[in-house]
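Have a look at the structure below, then the notes.
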Amino acid sequence: MSEIAETLMKIKIAFFVAAVLCGCLPLTVSAKVEGRAVNYQAGDAACEGYVAFDDSTAAPRPGVLVIHDWMGLSDHTRDVCNDLAKLGYVAFAADIYGKGVHPADRAAAAAEAGKYKADRALLRQRAAAALAQLKSSPQVEAGKMAVIGYCFGGTSALELARSGADLVGVVTFHGGLDSPTPADGKKIKAHLLILHGADDPFVKKEDIEAFEKELRDAGVDWEMVSYGDAVHAFTQPWVGTDKSKGAAYNEKAARRSWQAMKDFFAEIFAGKS
C-alpha cells in the first residue's frame, strides 16, 4: 500500500470511529443465540422447557418467561424465545402441560387447556415453577423479569401476576382476561400490556369490562391496545386468514403488537414506569 493510500485509509477509519462514537452510525454486534431444552419440576410434574440467550456476553440481563398457547410448547414458542434472545433478553419457555404432553388437535388442546382454566391454583403453580427456573438462570439480572403469553398463555401470564409473583411486566397476546377471583388483582405488582384483537369473538365484552374494573379497583398500571380488523390468534400465521372462523392471522396486528412489546420492555426494564 502506498503512503497516500495508507493515509487515506487511516482518515476513513478515523471518520468511521468518530461517527460511531457520536451515534451517527450504529455499531452492531451479531448475537450468538444459544438455545436448549431444560428439564425442571413443577411439584410432582416433570416439565421440559426451553431457554435461549445471547452467549456472546456474560453480562446479566432481564429475563422473559414465555407461556405457550393451548397447543403446548412448540416450535413457535421456541422461535419467540430465540427472537427475544436476539433483543438482549434471557427467554425461558414454560411447559405448563408437562413433559411429553402435546395435544394432537384443537379438541385435545381445548380439553388440556380446560383442565388448567378450571383449576387456577394448578395453573399458577405450573407458571410459578417456570418463573423460578428462569430466575435461577445465572444470566438473569435480579429484579428484572417479565412474562408474555399467547392465547391460553396470556391467561396463564395474568394468573401468575394475580398470584403476587415478582414481575416487572406482563404482556398478553390475544389472551383470555376472565378471572374467577378478581380480588386477586390487588396482588398484581407488574405493569400490564394487553394486546387484543378488537373483533376477537372469544373474549366477551363483559370479560373486558370486568377485567378493567379489576385493575382499576386494584390500582394496577395497565394499558390495553385493541387492533382493528383483528380476531383471535392474530399473531399466528398457521391458523390462516379466514376471520369468519374467529381465529385468523393479521400481519399488521402481529407486527405492531411485537413492536408494542419491545417498546414496553424498553420502558419498564429501564425503570421509567
Side-chain angles (χ1 to χ4, degrees), residues 65-72 76-77 80 94 96 103 106-107 109-120 123-124 127 146-163 167 169-185 188 190-218 220-261 264:
L65 181 66
V66 181
I67 307 184
H68 56 74
D69 60 30
W70 71 348
M71 295 304 293
H76 168 258
T77 323
V80 170
I96 300 297
R106 290 171 58 87
E112 191 65 30
K115 296 177 185 178
Y116 296 90
K117 286 188 176 182
D119 188 346
R120 300 296 174 107
L123 178 56
R124 292 181 182 188
V147 58
I148 72 172
Y150 293 80
C151 303
F152 165 77
T155 301
S156 305
L158 288 173
E159 285 301 318
L160 181 60
R162 289 178 177 122
S163 74
L167 295 162
V170 175
V171 182
T172 71
F173 295 85
H174 40 81
L177 307 176
D178 64 292
S179 171
T181 54
D184 284 350
I188 296 175
H191 308 284
L192 305 189
L193 175 62
I194 311 303
L195 304 170
H196 173 66
D199 299 326
D200 189 335
F202 302 115
V203 180
K204 300 175 183 179
K205 180 180 179 182
E206 51 265 36
D207 287 341
I208 295 174
E209 291 173 348
F211 179 65
E212 292 181 353
K213 183 178 186 304
E214 174 189 352
L215 301 183
R216 289 190 180 100
D217 289 349
V220 175
D221 177 42
W222 64 280
E223 177 181 358
M224 183 169 181
V225 182
S226 293
Y227 296 99
D229 200 38
V231 291
H232 195 63
F234 60 78
T235 66
Q236 302 178 337
W238 57 90
V239 302
T241 57
D242 184 355
K243 293 192 300 176
S244 69
K245 296 180 178 179
Y249 177 63
N250 183 303
E251 186 276 332
K252 284 184 179 179
R255 172 169 43 83
R256 291 170 179 173
S257 61
W258 184 258
Q259 184 61 50
M261 179 209 69
F264 178 70

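- Between Ala260 and Tyr227, the shortest heavy-atom contact is CB-OH, 3.9 Å.
- The CG atom of Leu192 sits 7.0 Å away from the CZ atom of Phe264 when rounded to the nearest 0.5 Å.
- Not one N or O on the side chain of Thr181 forms a donor-acceptor pair closer than 3.5 Å with the backbone of Ala183.
- Taking the ring pair (Phe, Tyr, Trp, His ring centres under 6.0 Å) definition, one finds that Phe211 meets it with nothing, sequence neighbours left out.
- Closest non-hydrogen pair, Glu112 versus Pro103, comes out as CB-CG, 4.3 Å.
- Considering all non-hydrogen atoms of both residues, Ala233 and Ala247 come closest at CB-CB, 4.1 Å.
- Inter-residue side-chain proximity for Leu160 and Val170 is flagged as unmet; no heavy-atom pair is nearer than 4.5 Å.
- In this structure, the salt bridge (Lys or Arg N to Asp or Glu O under 4.0 Å) partners of Arg255, at least two apart in sequence or on a different chain, are Glu251.
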Next on the checklist: Before you tell me yes or no, could you show the steps for Asp119 and Lys115 under side-chain contact (heavy atoms from CB on, under 4.5 Å), namely the whole-Å CA-CA distance, both residues' side-chain angles and the distance that decides it to 0.1 Å?
Outcome noted: CA-CA 6 Å; Asp119 188 346; Lys115 296 177 185 178; over 6 Å; no
Item to check | side-chain contact (heavy atoms from CB on, under 4.5 Å) evaluation trace for Glu159 with Tyr116 | outcome: CA-CA 11 Å; Glu159 285 301 318; Tyr116 296 90; over 6 Å; no
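- At least one donor-acceptor pair closer than 3.5 Å links the side chain of His68 to the backbone N or O of Ile96.
- When all heavy atoms of Asp69 and Cys151 are compared, the pair lying nearest together is CB-CB, 4.1 Å.
- The distance from the CZ atom of Arg124 to the CG atom of Leu158 is 10.5 Å, given to the nearest 0.5 Å.
- Phe234 contributes atom CZ, which lies 14.5 Å from atom NZ of Lys252 (distance to the nearest 0.5 angstrom).
- Here CZ of Arg216 is found 10.0 Å from NZ of Lys213. Values are rounded to the nearest 0.5 Å.
- Met71 CE to Arg106 CZ: the interatomic distance, rounded to the nearest 0.5 Å, is 9.0 Å.
- The shortest distance between side-chain heavy atoms of Met224 and Leu177 falls below 4.5 Å.
- Interatomic distance, OG1 of Thr235 versus NE2 of His174, reported as 3.0 Å (0.5 Å rounding).
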Next on the checklist: Before you tell me yes or no, could you show the steps for Asp184 and Ser179 under side-chain contact (heavy atoms from CB on, under 4.5 Å), namely the whole-Å CA-CA distance, both residues' side-chain angles and the distance that decides it to 0.1 Å?
Outcome noted: CA-CA 9 Å; Asp184 284 350; Ser179 171; 5.6 Å; no
Checklist entry - Step by step, would you call His196 with Ile208 a side-chain contact (heavy atoms from CB on, under 4.5 Å)? => result CA-CA 10 Å; His196 173 66; Ile208 295 174; 3.7 Å; yes
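- Between Ala127 and Leu65, the closest heavy-atom pair is O-CD2, 4.0 Å.
- Considering every non-hydrogen atom in both Tyr150 and Ile148, the closest pair reads CE1-CD1, 4.1 Å.
- At least one donor-acceptor pair under 3.5 Å links the side chain of Thr155 to the backbone N or O of Gly176.
- At least one donor-acceptor pair under 3.5 Å links the side chain of Asn250 to the backbone N or O of Asp229.
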